[in-house]
Trainee: 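Before we start, here is the structure in question, set down as structure tokens.
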Amino acid sequence: MLLNFCHPCLRPEISCSTISTEGYDVKNLVNESSQGFLAYACIKPPINIDLTFICNVEISRVIVWPSVGSQKSSGFQLMAKSTTDTGAPYSTLSNAYLSAAQGGVIFYRRDINETLTCVPNGFLQRYIKISDHHAVNKATNLRLCIVKTENSVPAIGRIEVWGRVARCCGRDVIAGVNSLWTQEHSPRIPTIDEIRESPTKKNDHDSLEKSNCAVEVPEDFLDPITYEVMVQPIMLPSGKIIDQLTLERHEQNEALWGRSPSDPFTGIPFGNTCKPIIATSLKARIDKFLIENSNDDNIKKLPRTVGRKISQVCDQLVGVERTVCANSKSTVLKVKSSHTLKRNIPSNLTNSQHKLPVLVMCTKQSLDLTESKRTRLSKTPQRCTVSDDIDIEGDCARNISNEIDGDLELNVKSVLSGLKRFNGPKTREASGVPKGCSCCKSSILYKLPCKHVICRRVLTTVKLPKCQHCGLSYSTRDPIRIHD
Amino acid sequence: MAAMSPSERRLQKELMSLMREPPPGVHVDGDQAGQNLTQWIIHMEGAKGTLYEGERFQLQFKFSSKYPFDSPEVTFIGGNIPVHPHVYSNGHICLSILTDDWSPALSVQSVCLSIVSMLSSCKEKKRPPDNSFYVKTCNKNPKKTKWWYHDDSV
């Protein structure tokens, strides 16, 4: 960031080698006045105007507006020195002689490749010589010498010295000067331009140096054990937050030693009163970060929670609403699921299923679905829990509900088969499920997602992965071996 | 940067922090570890005011791909293996956090500190009582040994 060291907020001191016209004092150049400086009428060049800066300055450019009214200076010499010692000589940085058409002069450094965005039209451009780099890179004093005028009184309308705090200054000085500047300039107009430019700049950066400007991931998004961005942050009883996957792996290892799940940081086993909980707010912050930076290649590759397998650890988590059921659609699914099962799935599942609390909260957008559902339910001969209030009957509703039922039933079955329940009874498969395969009793048995059991022989020979009892299709990795 | 495996990622982080802020008397061979992240040599000095003051030891850390969920294999190597009731003359260390009590929350730095403190708390320089038998019969990998931690004081 370049600062204008002539701005009043950076408290420059200014003096002049001669007297000025009343009301056009040289101090006008460093305060808010727009009058400018005029020497006394009879004064002839050369005239030295000396600026003393608040700190050492790395001068980047100096812009001089030489006119006050019709008075105009036309020849300038720019000098600087790096010490406030009054006896020390100035070294010349540049000279400029303006023609009548030129409205001013800008001195700038050739070695700093900054675009001269704010060059006013018709200004003479002059390089700053770096023969004495001390004078340029850590100038404390700057002298603008008016060496020539066009039949006029020596005059300066305005002067701006743009630069940075010199590198030799301490951090406190740099911070102090910058804060002085930003206090004054926080709502300054150029920032709007910067904002407007920034998206394009960002894009350039993205395309040019993708590898270099990788998005910095905040430290607290990283798992303290694996140093990777957490997918599902979980707060341990010790207060540390780690990823769910890390905790799972830790528990697997603990199980190898025959120990119950414990806090990896303290070794204290989890109990009823000290359990890991999902760090919801951190999860939200990570998600926000991932979404905001989803254009970055590195961020793109990071894992997300969507589609993540629900793990055993979650069984132990307390007070957790699974995200699976978070949106309204799945609420509908849940409402429906309990009814569908009651109606269609025989004894074995219904027994346990009807003990589950039925969610009958529906948001507005899902109301139409549930209504048609309820309509249908009220028509079914079986006993229903929600057959009381709504009584919309008709072909239309029936057709819709029939269609929806067909689709939903499949979905519900597949969802239910994969979903672990946290509030339901654990003894789900205790009753009713046939313990053996229909064809043989002694073989190795496998359990399908629908809880039906088949033997190895059937499993390996069957062409279509579909349960023979209920017709639910499964994928090849679903069957689980049953160990007695 | 090439894609790093999770264990390498963690090891890289640990190496950086160990080189930046080593615990007193511990110094990691950064070049060697940088070339092969799965095997580090750590130089260690006996702490002042202890029986091992002025002695220098080398520790070898070997990490499996399961690190940090799996404990590192830590042995003393080189010419000077400390004479200590928990250190066998082949360099194997009888320390519970290296096997049973390992936790992924532990790190190379915490293992080093544990070993320094184990050495520092020693009252008498002697080998473990079963040293000669163990050294003859043991596996090369100390993690394969079924340790029997008989002294909880150190």
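Every chain is numbered from 1, with letters handed out A, B, ... down the list of sequences. Note that the coordinates shown come from a computational prediction; the quantities given were computed from them, not determined experimentally.
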Trainee: Would you give the length of the straight line joining atom OG1 of A/Thr226 to atom NZ of B/Lys13, rounded to the nearest 0.5 angstrom?
Mentor: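 Interatomic distance, A/Thr226 OG1 to B/Lys13 NZ, rounded to 0.5 Å: 10.5 Å.
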
Trainee: Identify the two heavy atoms, one from A/Pro224 and one from B/Arg10, that lie closest to each other, and give their separation to 0.1 Å.
Mentor: O-NH1, 4.3 Å

Trainee: Distance from B/Asp101 atom CG to A/Arg259 atom CZ, nearest 0.5 Å?
Mentor: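 Going from CG on B/Asp101 over to CZ on A/Arg259, the span is 5.5 Å.
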
Trainee: For the atom pair OG (B/Ser103) and CD1 (A/Ile225), what is the distance rounded to the nearest 0.5 Å?
Mentor: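 CD1 of A/Ile225 is found 6.0 Å from OG of B/Ser103.
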
Trainee: Please check if the number of heavy atoms outside B/Asn36 that lie under 6.0 Å from its CG is greater than 12.
Mentor: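 Atom CG in B/Asn36 is packed in, count exceeds 12.
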
Trainee: Take atom CZ in A/Arg481; do more than 12 heavy atoms of anything else shown fall under 6.0 Å from it?
Mentor: yes

Trainee: Using non-hydrogen atoms only, which part of B/Pro68 is less than 4.5 Å away from chain A: side chain, backbone, both, or neither?
Mentor: side chain

Trainee: At a 4.5 Å cut-off on heavy atoms, which part of A/Thr246 comes close to chain B: side chain, backbone, both, or neither?
Mentor: both

Trainee: Hey, could you give me the OH/CD distance between A/Tyr227 and B/Gln12, rounded to the nearest 0.5 Å?
Mentor: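 Reported value, rounded in 0.5 Å steps: 12.0 Å.
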
Trainee: Inspect the surroundings of CZ in A/Arg456 and state if more than 12 heavy atoms from other residues, nucleotides or ligands are less than 6.0 Å away.
Mentor: no

Trainee: Shortest non-hydrogen contact from A/Pro264 to B/Ala105?
Mentor: O-CB, 3.5 Å

Trainee: For B/Lys125, does the NZ atom sit with more than 12 other heavy atoms under 6.0 Å from it, leaving out its own atoms?
Mentor: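 Counting neighbours around NZ of B/Lys125, more than 12 heavy atoms of other residues, nucleotides or ligands fall under 6.0 Å, so yes.
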
Trainee: Calculate, to the nearest 0.5 Å, the distance between atoms CZ and CD belonging to B/Phe69 and A/Glu254 respectively.
Mentor: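 B/Phe69 CZ to A/Glu254 CD: 11.5 Å, rounded to 0.5 Å.
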
